[in-house]
Amino acid sequence: MKRTLDRVLEALNAHPDPDRSWLVGSPWFEPPDELRKAMRDAASAASFDYPPPQGLAELRGAVAELHRRDGLAVEPENVLITHGSKSGLLAVFGCLLKPGDEILHPVPCYPAYPAAITALGGIPVAVPHEDGRSLIDSAALEACITPRTRALVLSSPANPTGATLTGEQARILVDLCRERRLRLVCDEAYEAFRFAPNTDRLPAHWDPDFETVVQVRSFSKTYALCGWRIGYVAADPALIRLLTSWQSALLNPPNSIAQQALISVPAVPPSFIQEAGRRVQNRLDELVGVLADTGLGVHPPQGGFYVWADVRSRLAATGHPDTASWCADLARQHGIGLWPGEDYLAPGWVRASAVACADSDWEPALDRLGTALRSFIDGRNIK
Ligand SMILES: Cc1ncc(COP(=O)(O)O)c(C=O)c1O
């Protein structure tokens, strides 16, 4: 899979003091104590056998409890435990698609959607969007629907823009997908990091019987557990049965120790997530401030981990033909890694993550970012 990011990584590898933290979406804060302890206990007690194909029943029960706390009627039979949410997405696309079928996605979008859909023989269809900031335009979406369209996939809060569906936007999308007999695949990897008002109602709230909505979730971001590789899909039992067979046939179930440990997830106090959200939001605000000071086009994100910055006017000023070469030069000269928009199907934009840098490095890293960008942009780099 070809990514323009690889050019940036190559340049960073050649720099004596590279800062890769602006590229990475893995949280710096520590996972909750309850889960760390549960992992230690699980490591000494867990079975060495394959876990059940759909995932441990107790973990599916724990997941159902979390959803019920949010007012969503989910039972253990609605849940499949997956190898992180990325493999959940792969399973969902694998079960919804026949070769040549289409799945719609917004632009910009998480690069895994078009990559996975294409790898499975489907056709990813980008729904055009003018402002690159709000999530999706219903009229543009309708215009893209064909007899081969099976689903719409989107993340809310979105990677990379942070755009987050309001309750009303969620309702409209669910109604539209139901009317047109499409599945609405909701990638909710960042659902715990919603900062904007009126974003507490999710698409699933408007679809209590899971006729339309498929929720794909992750323990990676909410609990800072990217390395445990556990996520899940919540959907109607018939789809869950198909997904379970697909995952069993191709991947087998995810590792039993992490599943066993995550049974304790309902014991994590809500204050853990509230505090994590507050800290992420503070960092995003500071990052927006620094990027805005350098003249890049930025808005405070409505959720998620990233700032999405418009560099189009700066490309012309520095004489770069595209964002990939702009980012590669920034990495080569200053050791700063930003993710080029080309990988998100949005040339002219870059993504900066606020969550990977250690607390002790955060302020110096922000200073270095601002200084490097000002020096890079001020015209002395004209090629
Ligand atoms: C929008 C989105 N979905 C899914 C994932 C995958 O997360 P994981 O496979 O760790 O659950 C990511 C990771 O960055 C993401 O940004």
Side-chain angles (χ1 to χ4, degrees), residues 1 3 5 20-29 31 35 55 59 63 66 79-94 103 105-117 119 124 135-136 151-165 184-194 199 202-203 214-234 243 247 251 253-255 258-259 261-262 265 276 280 284 301-308 337 339 341 343-346 349-356:
M1 200 112 341
R3 299 180 307 176
L5 173 68
R20 298 184 181 83
S21 67
W22 307 111
L23 295 172
V24 180
S26 178
W28 84 101
F29 52 85
L35 299 182
L59 177 54
V63 163
L66 293 185
V79 178
L80 168 69
I81 307 299
T82 60
H83 305 255
S85 57
K86 219 174 204 180
S87 90
L89 289 162
L90 197 63
V92 170
F93 299 150
I103 293 191
H105 62 79
V107 177
C109 82
Y110 182 47
Y113 308 149
I117 294 163
L135 203 46
I136 200 145
L152 163 68
V153 59
L154 47 76
S155 56
S156 172
N159 176 2
T161 59
T164 304
L165 291 173
L184 176 54
V185 181
C186 298
D187 176 349
E188 296 176 353
Y190 301 95
E191 60 86 24
F193 301 91
R194 282 173 277 161
T199 53
L202 301 170
V214 180
Q215 287 176 287
V216 183
R217 286 204 182 177
S218 176
F219 293 101
S220 296
K221 315 289 180 177
T222 312
Y223 301 101
L225 292 172
C226 293
W228 285 17
R229 307 306 309 128
I230 306 285
Y232 63 91
V233 180
L243 294 169
Q247 177 167 276
L251 302 169
N255 85 79
Q259 288 199 49
L262 283 164
V265 79
V280 169
L284 286 166
Q302 298 166 322
F305 282 2
Y306 312 104
V307 176
W308 184 237
W339 199 315
D343 286 350
Y344 301 86
L345 307 180
W349 297 73
V350 298
R351 192 196 83 166
S353 166
V355 302

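All ligand and atom numbering here is 1-based and tracks the order in the structure. Computed from heavy atoms alone, side chains included, the values below leave out hydrogens, waters and symmetry copies. This structure is a prediction, so every number in the text was calculated from the model and none was measured.
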For the backbone of [Y] and the side chain of [X], can you confirm whether one donor and one acceptor N or O come within less than 3.5 Å of each other?
X      : Y      : answer
Lys221 : Gly25  : yes
Ser353 : Val24  : yes
Ser85  : Val216 : no

For this session: Fit a plane to each ring of Tyr113 and Tyr110, take the angle between them on a 0 to 90° scale, and name the class: parallel (under 30°), tilted (30 to 60°) or perpendicular (over 60°).
Result: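 Plane angle over 60°, so perpendicular.
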
For this session: Run the ring-centre check on Phe193 versus Tyr190 and record whether the distance is less than 6.0 Å.
Result: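 Phe193 vs Tyr190: aromatic centres not under 6.0 Å.
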
Exercise. For the residue pair Trp339 and Tyr306, is the inter-centroid distance of their aromatic rings smaller than 6.0 Å?
Worked result: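 No - the distance between ring centres of Trp339 and Tyr306 does not fall below the 6.0 Å cut-off.
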
For this session: Kindly tell me which protein residues have any non-hydrogen atom under 4.0 angstrom away from an atom of ligand 1, grouped by chain and ordered by number?
Result: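 Under the 4.0 Å cut-off, ligand 1 touches Gly84, Ser85, Lys86, Tyr110, Ser155, Asn159, Asp187, Ala189, Tyr190, Ser218, Ser220, Lys221, Arg229.
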
